[in-house]
Amino acid sequence: MKKQTNQNIFDLYDLLLEQLRDLYDGEKQQITFLKKLSNSSETYELTEFLSYHLKETNRQIDRILEVFDILNEEPGGESCDGIKGLIREARKLADRCLNEEVLDAALITAIQHINHYEMAGYGTAIAYAKALERHDIAELLLDTLREERRADMGLSDLAENQINPDAKWSALMKKIEPVSNTKM
Ligand SMILES: [Fe+2]
């Protein structure tokens, strides 16, 4: 029989379950968020990244469900307030961006904050699984951690090579313009 959720935490196994449920809820929250972001971004590369990351997130949800299945436990019962807060922050930040280039840079920052939160969560869950000698679970979670790391590197690359140079360039042009307009 499967365990009830939202139970008190007595041992490392309970803590592992709590962490997994938190990650599960966090991934699900991101599905809605990523879909909305894909519609907000004006940059081809960022939109491509977002649709790829959406597929990846769906795969990560399946992987967590597989873990719960192996453990014969229920995946629900936790609400990830961390991801909820980060998404709320991202929305507030995006609403204040009135320039497309800056908006894309802000969206990248927002997803990176979420990714870093997730990397901490997956890293912790892997450590717990290893301590409990559940290397089968650790291996599955490691696949997701690797994906999150790759996504983070992809975002950094995007920020440095696709988004920021344009923003820097526009800022530079604005600085240069008054000089070039000056009568000699
Ligand atoms: Fe994820």
Side-chain angles (χ1 to χ4, degrees), residues 5-6 14-41 43-71 73-94 103-132 134-160 162-163:
T5 54
N6 270 335
D14 292 340
L15 200 55
L16 170 67
L17 287 182
E18 188 277 336
Q19 188 63 65
L20 290 170
R21 286 177 182 134
D22 198 70
L23 286 163
Y24 176 64
D25 184 70
E27 297 287 14
K28 283 198 302 178
Q29 286 184 48
Q30 283 174 77
I31 296 289
T32 326
F33 179 60
L34 287 170
K35 278 182 189 162
K36 280 189 183 152
L37 284 194
S38 312
N39 301 329
S40 309
S41 172
T43 307
Y44 172 77
E45 287 82 2
L46 183 56
T47 311
E48 283 289 288
F49 171 86
L50 290 169
S51 71
Y52 181 77
H53 196 49
L54 187 60
K55 282 182 202 144
E56 224 168 27
T57 304
N58 272 310
R59 205 160 55 227
Q60 292 168 358
I61 289 175
D62 288 344
R63 210 174 275 136
I64 297 185
L65 287 174
E66 193 184 335
V67 168
F68 278 105
D69 213 39
I70 294 170
L71 296 172
E73 302 282 1
E74 291 291 345
E78 288 288 341
S79 166
C80 181
D81 291 337
I83 297 284
K84 206 176 280 174
L86 290 171
I87 289 176
R88 200 184 303 125
E89 284 290 311
R91 288 210 174 108
K92 281 198 304 199
L93 184 64
L103 173 65
D104 281 347
L107 296 182
I108 289 176
T109 303
I111 311 166
Q112 280 194 301
H113 274 81
I114 292 175
N115 266 28
H116 282 232
Y117 184 94
E118 286 192 287
M119 283 192 272
Y122 280 108
T124 303
I126 290 166
Y128 294 162
K130 281 183 182 169
L132 293 163
R134 290 305 307 248
H135 298 284
D136 51 341
I137 305 297
E139 277 303 314
L140 278 167
L141 298 173
L142 193 59
D143 286 344
T144 297
L145 181 61
R146 287 193 187 110
E147 282 175 0
E148 301 288 8
R149 281 183 187 146
R150 266 199 306 272
D152 185 55
M153 284 191 287
L155 282 166
S156 293
D157 186 58
L158 208 57
E160 283 164 24
Q162 305 290 340
I163 312 291

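Read the numbers this way: they start at 1 and go in the same order the structure lists the ligands and their atoms. Residue numbers run from 1 in the order of the sequence given.
- When side chains are defined from C-beta on, N58 does not count as touching D62, because their heavy atoms never get closer than 4.5 Å.
- To the nearest 0.5 Å, atom CD of residue E118 and atom OG1 of residue T57 are 6.5 Å apart.
- The two atoms that bring I108 and L155 nearest to each other are CG2-O, 3.8 Å, heavy atoms only.
- With Q19 contributing its side chain and A125 its backbone, the two residues share no donor-acceptor pair below 3.5 Å.
- E118 has its closest N, O or S atom to the Fe ion (ligand 1) at the position named OE2.
- With 2.8 Å as the limit, Q60 counts as an N, O or S neighbour of the Fe ion (ligand 1).
- For the pair OE2 of E148 and OE1 of E27, the angle at the Fe ion (ligand 1) is about 140°; rounding is to 10 degrees.
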